[in-house]
A.B. asks: 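Sharing a structure, written as structure tokens. Questions coming.
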Amino acid sequence: MTKSAIPDRAKIVIIGGGVGGTSVAYHLAELGEKDVILLDRSDLTSGSTFHSAGLVGQLRADPTLTKMNMHSVDLYRKLEASDTPPSWKECGSIKLASTPERMEEIRRQIGWARTFGLDLKEISPKEAQDLFPLMDLDGVVGACYMASDGQVDPSQLAQALASGARRGGVRIFTHTRVLGITTKGGRVTHVQTDKGTIECEIVVNCGGMFAAELGRMVDVRIPIVPMSHQYLITENFLPAGAPYLPSLRDPDLLIYFRQEVSGLLMGGYERNSRAWTADYDHLDDIPADFNGRLLPEEWDRFEEIAENSQKRVPKMGEVGVKNFINGPEGFTPDNEFCLGETSVGGFYVAAGFCAHGIAGAGGIGKVVAEWIVAGEPTMDLWHMDIRRFGEAYKSPKFTLERVTENYEEYYDIHYPGEERKSARPLKKSPVYEWHKAHSAVFGEKASWERVNFYSENVSNDEFSPYGWAGKHWSSAVRAEHLATRESAGLFDESSFAKISVKGEKAASFLNFVCANDVVKGVGRTVYTQALNSRGGIESDYTVTQVSEQEFMIVTGTAFLNHDMGWLEKIRREHDFDVSISDITSSLACFGIWGPRARDILQAITTYDLSHANFPFMHSREIVIAGATIRATRITYVGELGWEVYIPIAKAEAVWQELIDAGQKFGMKVCGYRAIESLRLEKGYRAWGVEISTETNPFEAGLEFAIALKKESFIGKDALLKVKENPRRKLVPILFDDIKQVPLGNEPIRVGNDIIGRVKSGGQGYTINKAIAYAYVPIAHSAIGTKVDVEFFGNWRSGVVAAEPLFDPTSSRIRL
Ligand SMILES: Cc1cc2nc3c(=O)[nH]c(=O)nc-3n(C[C@H](O)[C@H](O)[C@H](O)COP(=O)(O)OP(=O)(O)OC[C@H]3O[C@@H](n4cnc5c(N)ncnc54)[C@H](O)[C@@H]3O)c2cc1C
């Protein structure tokens, strides 16, 4: 512990001395940052860290998180060999399947573990019992085992990381409470503590469950709720000299175990969870003296877990309990971490570790330190990026409902296409009631209710996919897809995020941010990516020039915060005098696409919609139903058509006119699932799915959207380098059997070599095939290459196909 007075200046100030803060400090030191200090209001590890169970598992549903956890294991091994070992025990882990569905999940996980080189293997119930002899096999269907998983002492881990950080020059000040943070021009400038004020450039909020409180100091909402989390430790009873037990998870029974000295530690996720301060007005207020403390035992809520533990390990009913731990831990609304730079420049967060912060700490420290040094994420961290949380999460009630749902369903199997149940409906389209009255089946995206499909379009299950892909499948999607290809489809896309960029410098600003030339004149629309300095795709959207000094960006429903955050950051860091505002809720958006789209739209407007007068990628103001609206000739489904942007007050009237006009042309009203199938067939990329900060436009097949002739734009230099040396390519892989639908993450092999993993998959109802998209090495990217893809333990043949899979000359669009 450093006793000297705190300095009045440091480049980087880390708040919080749990595993999160100490790991960020350790990795910043490793990256050569010399001017870093870490503050904690009490002792190191006195937040959630000291009472953690310390299990370290590596395989997660998210590929990035898996890589991060693998880094954690490498690091803990390394630290174990240092002079501050964290008691890392590479004891292995077993996961049991007590249902056939869980066994399917395990087989799927074994497949994607293979793509990481992880040693996850299927074992029989008997083999599981041999490894964990205390186990009763009643109801066990199967299991898997990973030898390189382990356990660590959480407090010793934080101390080991702190020692490493100190050796690298980080100064650590405990019993130093942060009281406030000052900003100027949208950036952090000072941190106020009870020991003095520190001028700084960067603040890293590693406050764990206290992170929301720290965020309020700069008016940044961090949706983390402290949840009570419990486990118990038995008396010692294991025979001396017995082999060390692997950790054991039985998710169907909601429980986990690990060896603790010569007893067991057992915990789980209760079905009746409890936020610690479940008061909607003060959800995340934590008492000022809550350090090194626990919550009162709540045996009643733990009863189901305790009973289940005895079913799986009968000895649990015989041995005494030495210790019962109820400790609060910061949970997020989707069980993923909260990482990265917030809307305030230089104010980073690394918190909300949802009871897997010990497993994640090594990786978290690495990616956050890299993010700070590079000023942008160095991996695809979208699922953990603080910017994924939109405005809805400012509501404590909404946040708590989402956190609760997640906590209580933590161990459930989540099938693709599953929808959130809590806190719905929240944001609604102006024609929501119409949808409801017309058999809409809704999904939710970024708190918007959106139509997935209409049940009145359901026919028969002839095309229902095998296995998991069929769980939430509907034949209505095929009907809507085909109607769009054959006549027309009308889509409500009002949830699209819309951003206005205005000012004298708006054009030069956007041409600096975007890789394409987006300044083609008033009334022109351009599809573009915004790149990071490594040439990775930071955002993907369309830009329409509305007037000389005003542009409208349209981006995905879930990307408002993220994309606006990136624009704001570039504006701030490069001093552009432009205003950037969210105009999402002022405009509805409907898409009308298909061979009859022009006939339908022309029937309700006097504006000449002919190709000569209204070409592709042009945008005009036209009048429908007495309302002046913006029509943009663009498509995300590969058909002729328009997106129309309508002032909210006029949206219902315009919708009804479209419905009425479409009737005689056989138009169907369609949902988002049909868009997904249509766009996959046409090869249109989706950010966060096929493209991300880790992929560049060359490998993603998007070079047509790069204007290398522009003098400069962010990422240009890096792009020029990758252009010369492409490593991999995004390709479509086709399966003749349309029911064999890939879900994502399945391994792909050629011969015996694993060459990649599936990024996205779906059904192409026009081409009548199942489709996967994947990045594969250039050597395996040739059209006609035969590959195998593993579906739940079974290999199926597919073939790399030419793009686009549908209408290669775009003859259906440009007419
Ligand atoms: C019962 C339980 C079991 C768990 N089991 C596991 C497990 O098996 N495996 C696993 O991977 N994870 C597990 N976890 C989760 C893991 O313990 C946490 O994710 C992790 O410890 C969180 O670390 P942190 O650094 O984010 O937060 P913390 O350890 O809470 O650190 C935050 C620090 O910030 C400091 N701070 C807050 N406000 C201020 C301020 N104003 N000024 C200065 N300092 C401030 C606090 O004093 C605190 O020390 C478990 C958690 C619980 C509760």
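Both ligands and their constituent atoms are indexed starting at 1 by order of listing.
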A.B. asks: Identify, by atom number and element, the atoms of ligand 1 in contact range of N291, meaning under 4.0 Å from any of its heavy atoms.
C.D. replies: 46 (C), 47 (O)

A.B. asks: Any nitrogen or oxygen of I358, main chain or side chain, under 3.5 Å from a nitrogen or oxygen of ligand 1?
C.D. replies: yes

A.B. asks: Find all atoms of ligand 1 within a distance of less than 4.0 Å from any non-hydrogen atom belonging to G357, and give their numbers and elements.
C.D. replies: 10 (C), 11 (O), 12 (N), 15 (C), 19 (O)

A.B. asks: Give the contacting part of P154 toward ligand 1: side chain, backbone, both or neither, where contact means a heavy-atom distance below 4.0 Å.
C.D. replies: neither

A.B. asks: Using a 4.0 Å cutoff against the non-hydrogen atoms of E329, which atoms of ligand 1 qualify?
C.D. replies: 15 (C), 16 (C), 18 (C), 19 (O), 22 (C), 53 (C)

A.B. asks: At a non-hydrogen distance cut-off of under 4.0 Å, which region of F50 contacts ligand 1 (side chain, backbone, both, or neither)?
C.D. replies: neither

A.B. asks: Is it the case that over 12 heavy atoms from other parts of the model lie below 6.0 angstrom from the NZ atom of K195?
C.D. replies: yes

A.B. asks: Do other residues, nucleotides or ligands put more than 12 heavy atoms under 6.0 Å from the CG atom of D219?
C.D. replies: no

A.B. asks: Find all atoms of ligand 1 within a distance of less than 4.0 Å from any non-hydrogen atom belonging to G16, and give their numbers and elements.
C.D. replies: 33 (C), 34 (O), 35 (C)

A.B. asks: Under 4.0 Å from any heavy atom of R177, which atoms of ligand 1 are there?
C.D. replies: 42 (N)

A.B. asks: Is ligand 1 less than 4.0 angstrom away from at least one heavy atom of G207?
C.D. replies: yes

A.B. asks: Under a heavy-atom criterion of less than 4.0 Å, does T45 contact ligand 1?
C.D. replies: no

A.B. asks: What part of L214 sits under 4.0 Å from ligand 1 if we count only heavy atoms: the side chain, the backbone, both or neither?
C.D. replies: side chain

A.B. asks: Among protein heavy atoms, which sits nearest to atom 5 (N) of ligand 1, and what does the distance come to when rounded to 0.1 Å?
C.D. replies: A53 N, 3.0 Å

A.B. asks: Which residue owns the protein heavy atom closest to atom 41 (N) of ligand 1, what's the atom, and how far is it?
C.D. replies: V178 O, 3.1 Å

A.B. asks: Evaluate the salt bridge (charged side-chain N to carboxylate O under 4.0 Å, His left out) criterion for residues E201 and R9: first the C-alpha distance (whole Å), next the side-chain angles of each, then the deciding distance (0.1 Å), finally the verdict.
C.D. replies: CA-CA 9 Å; E201 293 166 31; R9 219 209 98 77; 3.3 Å; yes

A.B. asks: Distance check, rounded to the nearest 0.5 Å: M316 atom CE versus Q310 atom CD?
C.D. replies: 7.0 Å

A.B. asks: Judging by distance only, is a nitrogen or oxygen of D40 under 3.5 angstrom from one on ligand 1?
C.D. replies: yes

A.B. asks: Does NZ belonging to K78 count more than 12 external heavy atoms closer than 6.0 Å?
C.D. replies: no

A.B. asks: Can you confirm if the aromatic rings of F324 and F302 lie within a centre distance of less than 6.0 Å?
C.D. replies: yes

A.B. asks: Nearest 0.5 angstrom please: E329 CD to T49 OG1, how far?
C.D. replies: 8.0 Å

A.B. asks: Can you confirm, on distance only, whether ligand 1 has an N/O atom lying under 3.5 Å from any N/O atom belonging to M217?
C.D. replies: no

A.B. asks: According to the side-chain hydrogen bond (donor to acceptor under 3.5 Å, both in side chains) rule, which pairs have a member within residues 349-376, sequence neighbours left out?
C.D. replies: K366-E370, E370-T378, E376-S533

A.B. asks: Compute the ring centroids of F331 and W276, then answer whether they are less than 6.0 Å apart.
C.D. replies: no

A.B. asks: Looking only at heavy atoms, is any part of I15 under 4.0 Å from ligand 1, and if so is it the side chain, the backbone, or both, or is it neither?
C.D. replies: side chain

A.B. asks: H356 heavy atoms, cut-off 4.0 Å: which ligand 1 atoms fall inside?
C.D. replies: 10 (C), 11 (O), 12 (N)

A.B. asks: Heavy-atom contacts with G208 under 4.0 Å: which atoms of ligand 1 show up? List them by number with element.
C.D. replies: 26 (O), 27 (O), 32 (C)

A.B. asks: Looking at Y407 versus H229, is the centre-to-centre ring distance below 6.0 Å?
C.D. replies: yes

A.B. asks: When you measure from atom 8 (O) of ligand 1 to every protein heavy atom, which one gives the shortest distance, and what is it?
C.D. replies: L55 N, 2.9 Å

A.B. asks: Could you tell me whether R41 and ligand 1 have an N or O pair separated by under 3.5 Å?
C.D. replies: yes

A.B. asks: May I ask you to check whether D149 and S247 show a side-chain donor-acceptor distance below 3.5 Å?
C.D. replies: no

A.B. asks: Could you tell me, atom by atom, which parts of ligand 1 come under 4.0 Å of a heavy atom of G327?
C.D. replies: 53 (C)

A.B. asks: Measure the distance from atom 29 (O) of ligand 1 to every protein heavy atom, then report the residue, atom name and distance (to 0.1 Å) of the closest one.
C.D. replies: T49 OG1, 2.5 Å

A.B. asks: Quick one: do E401 and S422 satisfy side chain to side chain donor-acceptor pair (under 3.5 Å)? Show the steps, please.
C.D. replies: CA-CA 6 Å; E401 286 183 33; S422 63; 5.4 Å; no

A.B. asks: Going by atom types alone, do N291 and S46 pair a side-chain donor with an acceptor below 3.5 Å?
C.D. replies: yes

A.B. asks: Could you pull out all residues at least two apart from H27 that satisfy ring-ring contact (aromatic ring centres under 6.0 Å, His included)?
C.D. replies: H71

A.B. asks: Measure H51 to ligand 1 on non-hydrogen atoms and call it side chain, backbone, both or neither using the 4.0 Å cut-off.
C.D. replies: both

A.B. asks: How far is atom 17 (O) of ligand 1 from its nearest protein heavy atom, and which residue and atom name does that atom have?
C.D. replies: S52 CB, 3.0 Å

A.B. asks: Taking 4.0 angstrom as the limit, do E105 and K95 come out as a salt bridge?
C.D. replies: yes

A.B. asks: Just let me know how A350 lines up against ligand 1, side chain, backbone, both or neither, with a heavy-atom cut-off below 4.0 Å.
C.D. replies: neither

A.B. asks: Would you check, one step at a time, whether the test side chain to side chain donor-acceptor pair (under 3.5 Å) holds for R60 with T66?
C.D. replies: CA-CA 5 Å; R60 311 290 305 192; T66 303; over 6 Å; no

A.B. asks: Has ligand 1 got any nitrogen or oxygen that is less than 3.5 angstrom from a nitrogen or oxygen of G20?
C.D. replies: yes

A.B. asks: Specify the protein heavy atom at minimum distance from atom 26 (O) of ligand 1: its residue, its atom name, and the distance to 0.1 Å.
C.D. replies: F353 CE1, 3.2 Å

A.B. asks: Tell me whether P328 reaches ligand 1 (any heavy atom closer than 4.0 angstrom to a ligand atom).
C.D. replies: yes

A.B. asks: Mind checking whether H229 has an N or O less than 3.5 Å away from an N or O of ligand 1?
C.D. replies: no

A.B. asks: Nearest 0.5 angstrom please: M227 CE to L400 CG, how far?
C.D. replies: 6.5 Å

A.B. asks: Please list the nearest protein heavy atom to atom 20 (C) of ligand 1 with its residue and the distance rounded to 0.1 Å.
C.D. replies: V19 CG2, 3.8 Å

